[in-house]
2 protein chains.
Amino acid sequence: MAKKPPRSNSSLTRPAHFKVERFFQALGDSTRLRLLNLMGDQELCVCYFVEILKQAQPKISRHLAYLRRAGVVEARREGKWMHYRITPPADAGAAELLRQTLAWLKQDRAMQADRARLGKACCTPAKFTALQAAPAPSAAARTRRRKAR
Amino acid sequence: MAKKPPRSNSSLTRPAHFKVERFFQALGDSTRLRLLNLMGDQELCVCYFVEILKQAQPKISRHLAYLRRAGVVEARREGKWMHYRITPPADAGAAELLRQTLAWLKQDRAMQADRARLGKACCTPAKFTALQAAPAPSAAARTRRRKAR
DNA sequence: AAAACATATCTGCTAAGGCGACTATATGAC
DNA sequence: GTCATATAGTCGCCTTAGCAGATATGTTTT
């Protein structure tokens, strides 16, 4: 609110407070792209990202914060577990660009390897010690997941 | 080539040396978005950018350098005049994303104002002192513009 | 040749990003 | 209540971005 305005002289905004520059900056890092690729159409909790990408948890957490700030993902707490999923950005144009970016990522070998690893983690959880107690990935839904299962 | 590899642990690359992160970073600045919006399907020389955007020439030049580095624009020198135009990035996915980004920018009021100003500069050059001697914007072409006119 | 013009690059500064390491916070198990 | 677990946030450092102002470089004009 009372923050210093962006240094660029005019900020491209569509829906109130949606920052196009932020959106692109959010996509300008390979770790964040890998996170988005893993989420895809699913909702994942943080420990999956840590396990699949083999990166330190604070690092993953920090990048997820960037993605939240850009309005590209949202978080849902379930007890001590934090679930993340991609959310269409507030701006329709950005939402379409994001959709297309994800389709593009799908074709990348390294991204495919990450997704394959996620598949393994889901099918053979015994091989992933850190994921033993973790909630399994689920289809991302727009509404709040109900407690009862 | 022998440069320090990017600090992120895996860099998403498709066609050799195309940097996806660079591509998105290039779009993550309002000045650069305005430059791209002005180019659109045309080839413009630097003084048009300076005049329409009312920004210092060194600043414009720096941002154009970022866009060149990202493989999003290319420059053509004609005597002392430098002409810039958007070029499809080496990666087909990025090219499509860029095309869509430009379509998206077209809808923005501020971007429309910039383009309107460019239109005026073309129709009534007398009102733009700095553009008196400048080559008029032309349709961007893939091949090198011939000298003879 | 020098001067003017167009443009790229550099400098020094500030701000932001990205990292590893560490710490704070919230929840659940005991 | 304490302890363990999951995760967000901070610190200090280093790198990169973005800026204004200055300067270097190439071309054209005089």
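Note that the structure is predicted; figures quoted are calculated from it, not measured. Reminder, nothing fancy here: chain letters follow the sequence lines and each chain counts from 1.
For the pair B/Asp29 CG and D/dA17 C1', the computed distance is 9 Å after rounding to whole Å. For B/Phe49 and C/dA6, the CZ to P distance is 16 Å, given to the nearest whole Å. What separates CD of B/Gln25 from P of D/dA17 is a distance of 6 Å, to the nearest Å. Look at OH on A/Tyr66: it is 14 Å from P on D/dA17, rounded to the nearest Å. Put simply, CG on A/Leu35 is 14 Å from C1' on C/dG18, counting in whole angstrom units. Atom pair A/Trp81:CH2 and D/dA4:C1' shows a separation of 12 Å (rounding to whole Å applied). Summarising the geometry, the separation between CZ on B/Arg76 and P on C/dA8 is reported as 14 Å, rounded to the nearest angstrom. Summarising the geometry, the separation between CG on A/Leu64 and P on C/dG18 is reported as 13 Å, rounded to the nearest angstrom.
With C/dT9, C/dT7, C/dC19 as the candidates, the nucleotide lying closest to the side chain of B/Cys47 is C/dT7. Proximity note for B/Met82 (side chain, C-beta onward) versus D/dA8, C/dA8, D/dG18: the nearest is C/dA8. In this structure, the nucleotide among C/dC19, D/dT7, C/dT9 sitting nearest to the side chain of A/His63 is C/dC19. Picking from D/dA8, C/dT7, C/dG17 the nucleotide with the shortest atom distance to the side chain of A/Ser61 gives D/dA8.
Scanning for side chain to side chain donor-acceptor pair (under 3.5 Å) contacts around A/Tyr48 gives an empty result, with sequence neighbours left out. With sequence neighbours excluded, no residue forms a side chain to side chain donor-acceptor pair (under 3.5 Å) with A/Glu51. With sequence neighbours left out, the side chain to side chain contact (heavy atoms under 4.5 Å, CB included) criterion links B/Ala75 to B/Arg68, B/Met82, B/Tyr84. With sequence neighbours excluded, no residue forms a salt bridge (charged side-chain N to carboxylate O under 4.0 Å, His left out) with B/Arg77. Listed by chain and number, the residues in a side chain to side chain donor-acceptor pair (under 3.5 Å) with B/Gln42 amount to none (sequence neighbours excluded).
Contact annotation: A/Arg69 side-chain N/O to D/dA8 OP1/OP2 distance is not under 4.0 Å. Between A/Arg32 and C/dG17 there is no side-chain polar atom (N or O) within less than 4.0 angstrom of OP1 or OP2. One finds no side-chain N or O of A/Arg62 lying less than 4.0 angstrom from the OP1 or OP2 phosphate oxygen of C/dA16.
When each of A/Ala130 and B/Gly28 is assigned the nucleotide of DNA chain D with its nearest heavy atom, A/Ala130 is the one assigned upstream, toward the 5' end.
Contact annotation for A/Tyr84: backbone-only contact, meaning every heavy-atom pair under 4.0 Å involves sugar-phosphate atoms and none involves a base.
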Report, one pair per line, the protein and nucleotides 20-30 of chain D atoms (nitrogen or oxygen only) whose separation is under 3.5 Å.
none

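The backbone N or O of A/Gly28 sits less than 3.5 Å from a side-chain atom of B/Gln25, completing a donor-acceptor pair.
More than 12 heavy atoms of other residues, nucleotides or ligands shown are found within 6.0 angstrom of NZ on B/Lys106.
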